[in-house]
Amino acid sequence: MECTNRQVAETLRLIGQLLEIREGNPYRVRAFMNGADAVDRLTRPVAELSKDEVVALGGVGEHLAAVVREVCETGSSTELETLRAEIPPSLLELLRIEGVGPKTVGRLWRELGITSVAELLAATEKGRVRRLKGFGTKSEAEIRRGAERYAASEQRMNRSTADALIAGLAEVLAPGRYVVAGSYRRGKATIGDLDIVSCEDPVALNPRLRLVADEVIESGERRTSIRYRGERVDVRFTTPDAFGPMLIYFTGSKPFNIKLRDRALLEGLRINEYGIAGRAGKDLRTFPTEAAMLKALDLPYIPPELREDAGEIEAAEHDRLPALVIADDLRGDLHVHSNWSDGTLSLAELAAEGERRGYEYLVISDHSATLKVAHGLSERDLAEQRHTIEVINRDSACRLIAGTEVDILSDGTLGFADRILADLEFVIASLHGGLRQDQDQVTRRVIAACENEHVDVIGHPTGRIIGRREPAAIDLGRLIEAAAAHGTALEINASPFRLDLEDTAVRAARDRGVRLSIGTDAHRPGELENLRHGLATARRGWCTADDVLNALPLDRLLEWTG
DNA sequence: GCCGTTTTCGGCCCGACTGTTTTCAGTCG
């Protein structure tokens, strides 16, 4: 029985959600959710761990370890099957409606027999929901709006969409008086909603927010939520002298906040979004910055990208946080396309763009001819391009590195012969087709590419496109081992539509000593800007400058590629 | 269900906003 960590985590989550609807003990529900998170964070297959090793993860006790074992061995869980027999699993989709929680779902089901979003919409139309005790016309209307929005099926935003919203909001927010917090600030690849901490007076800001909002969800003097261009935006108000605790609170993650508060309780301190108080909630101390607040808790500053309760608090306690790679460490972009294949900029324009950004180098990595849709280069084109690059390099401050993004063909061979690859300064090998092959087949292909001595980097390793294409079924554990064994780097493709490898895999690779290569895969000038998204993913993967290929100076980079 | 530098029992992060309520439950972040 093949059983992935994702399946195990989903099973635990499912049990938790069904328990929640059945009016279970909320702490028991949380235990299942925590267990699911712990399994999600694992970089090894949970099926390979012993029961003791699973318990040692923390957050997983005897009972959950037994459930994990059962799921690994049988593919299911008797506890889950019992709950499924009792509660229609279709109720779970109702939980995803904004404003509808487990209590409401339970009552809608027991008292009105509602088991699906369609039935819920029908019931609101007939006014059945408003007749429930404790409900009224407003609650019914809100539930109806939520259900309609759910039916329109929203998904998480990519970082490009988030950036566009932030640029729009910048026109109503006072410059320098707010920070975009939440998962955006933590550098996540996808963002559910925008969280903003502002130290403007709500009396002044609320009316301006109302003006640009599609809808005001709620509005108060401490918190306001609006819908803006279809997305939810939450604003928390604070003052400069108490900015620290609010920023920590609103940056999250939620598990990070809970762990931090838990830890403070042991010291007899209570944390909330306003500061740190004594056990009785008295003597509130406020802090202007996050660092000052963390210092009061005997912790060093913890970068937002690490705040996932994935070991960072323990590392901070022992002063073993990694010195994360920063923007200034990056000396160039390791994956760029020119108009020789499907990019829009000429080589000279790219060199100028690199200079403007203060880059030491840019890797020109046009496609191989096998990728016909991208006007890939033939062997002859490549030789000509090489000549042009050499001419431009004579008087360019930004060195163009002659490379390619060679296609990994469906049989695992590459789109250029070895003798051609040997002449190039930098070789990225990427999958562009055959992404739906089964796990073993597609894994063998990328490992074969890793084993080729001329290949320096595996480009966008899983091929995912956020919200549009699932990652290929690659066994990342095997790929990372192969990359480690052959000294091949793995790419963090910095396009906000890819961000591939993803953060957890980056951390696993980094832990095995695999180098990461950040490349924008830019096809248009503005896309060189995307390097920062790749940087954020590297930081979420606990990377230091030593882990990142782009931090090498030109001579050492060329030495590394051989 | 998990957990322990007061604990193997009795806690479990903490607060804002809304609606339908006379004091709070539910949801959310």
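In what follows, every chain begins at residue 1, and chains take the letters A, B, ... in the order their sequences are listed.
- A gap of 24 Å separates the C1' atoms of B:dC14 and B:dC9, to the nearest Å.
- Checking side-chain atoms of A:T238 against main-chain N and O of A:C199 turns up no donor-acceptor pair under 3.5 Å.
- With P as the reference atom, B:dC2 and B:dT6 are 24 Å apart, rounded to whole Å.
- When the P atom of B:dC2 is taken as reference, atom CG of A:L19 falls 12 Å away, rounded to whole Å.
- Look at the C1' atom in both B:dT7 and B:dC12: the space between them is 13 Å, to the nearest Å.
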| task | Can you check each nucleotide of nucleotides 6-12 of chain B against protein heavy atoms at under 4.0 Å and return B for base, S for sugar-phosphate only, - for none, in 5' to 3' order? | result | B-----B

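- Residue A:G58 is in sugar-phosphate contact alone, with no base atom involved, counting any heavy-atom pair closer than 4.0 Å across all strands shown.
- Across all strands shown, A:S225 has no heavy atoms under 4.0 Å from either base or sugar-phosphate atoms.
- Considering only residues two or more places apart in sequence or on other chains, A:Q17 meets the side-chain contact (heavy atoms from CB on, under 4.5 Å) condition with A:L14, A:M33, A:L92, A:L95.
- Remark: side-chain polar atoms of A:R186 are not paired, donor with acceptor, to backbone N or O of A:G252 under 3.5 angstrom.
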Hey, can you pull the donor-acceptor pairs under 3.5 Å for the side chains in residues 297-307 of chain A, sequence neighbours left out?
{"from": "A:Y301", "atom 1": "OH", "to": "A:E290", "atom 2": "OE1", "distance (Å)": "3.4"}
{"from": "A:E305", "atom 1": "OE1", "to": "A:R539", "atom 2": "NH2", "distance (Å)": "3.3"}
{"from": "A:E305", "atom 1": "OE2", "to": "A:R539", "atom 2": "NE", "distance (Å)": "2.8"}
{"from": "A:R307", "atom 1": "NE", "to": "A:I302", "atom 2": "O", "distance (Å)": "2.9"}
{"from": "A:R307", "atom 1": "NH1", "to": "A:E290", "atom 2": "OE2", "distance (Å)": "2.8"}
{"from": "A:R307", "atom 1": "NH2", "to": "A:E290", "atom 2": "OE1", "distance (Å)": "3.0"}
{"from": "A:R307", "atom 1": "NH2", "to": "A:E290", "atom 2": "OE2", "distance (Å)": "3.4"}
{"from": "A:R307", "atom 1": "NH2", "to": "A:I302", "atom 2": "O", "distance (Å)": "2.8"}

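- A:R222 places its CZ atom 17 Å from the P atom of B:dC14, with the value rounded to the nearest Å.
- Spacing of P atoms, B:dT21 relative to B:dA16, comes out at 24 Å, to the nearest Å.
- A cation-pi arrangement is absent between A:R13 and A:F32, since the terminal nitrogen or guanidinium carbon is not both under 6.0 Å from the aromatic centre and inside a 45° cone about the axis.
- Contact annotation for A:G59: backbone-only contact, meaning every heavy-atom pair under 4.0 Å involves sugar-phosphate atoms and none involves a base.
- Remark: A:A189 pairs with A:R464, A:I466, A:L499 by the side-chain contact (heavy atoms from CB on, under 4.5 Å) rule, at least two apart or across chains.
- Distance alone, capped at 3.5 Å, places no donor-acceptor pair between the A:D521 side chain and the A:N493 backbone.
- Within the 3.5 Å criterion, the main-chain N or O of A:T78 finds a donor-acceptor partner in the side chain of A:E70.
- At a threshold of 4.5 Å between non-hydrogen side-chain atoms, the residues A:R22 and A:I87 count as touching.
- Annotation: B:dT5 and B:dG1 have their P atoms spaced 23 Å apart (nearest Å).
- Phosphate contact (OP1/OP2 of B:dC13, side-chain N/O of A:N257, threshold under 4.0 Å): absent.
- Atom CG of A:D163 is separated from atom CG of A:N530 by 8.5 Å, given to the nearest 0.5 angstrom.
- Counting to the nearest Å, the C1' atom of B:dC14 and the CG atom of A:N272 are 7 Å from each other.
- The separation of B:dC13 from B:dG4, taken at their P atoms, amounts to 14 Å, rounded to a whole angstrom.
- Rounded to the nearest Å, the gap between the P atom of B:dT27 and that of B:dT20 is 14 Å.
- Here A:I217 lies out of heavy-atom contact (under 4.0 Å) with every strand.
- The two atoms that bring A:I226 and A:A213 nearest to each other are CB-CB, 3.7 Å, heavy atoms only.
- In B:dT21 the base sits anti relative to the sugar, since the glycosidic angle is further than 90° from 0.
- A:V60 comes within 4.0 angstrom of the backbone, heavy atoms only, and of no base.
- Looking at residues 124-144 of chain A, you'll see A:G134, A:F135, A:G136, A:T137, A:K138, A:S139 sit with a heavy atom under 4.0 Å from some atom of DNA chain B.
- A:N206 has its CG atom 13 Å from the C1' atom of B:dC17, to the nearest Å.
- Pair assignment for B:dG29 gives B:dC14, based on Watson-Crick or G-U wobble hydrogen-bonding distances that are each under 3.5 Å.
- B:dT5 atom P lies 13 Å from atom CZ of A:R263, rounded to whole Å.
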| query | If the sugar-phosphate is the primed atoms plus P, OP1 and OP2 and the base is the rest, what is the B/S/- string for nucleotides 23-29 of chain B, using protein heavy atoms under 4.0 Å? | reply | ---SSSB

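- Panel note: side chain A:E312, backbone A:A310; a donor-acceptor pair is recorded below 3.5 Å.
- Under a cutoff of 6.0 Å and an axis angle of 45°, A:R510 and A:W542 do not form a cation-pi pair.
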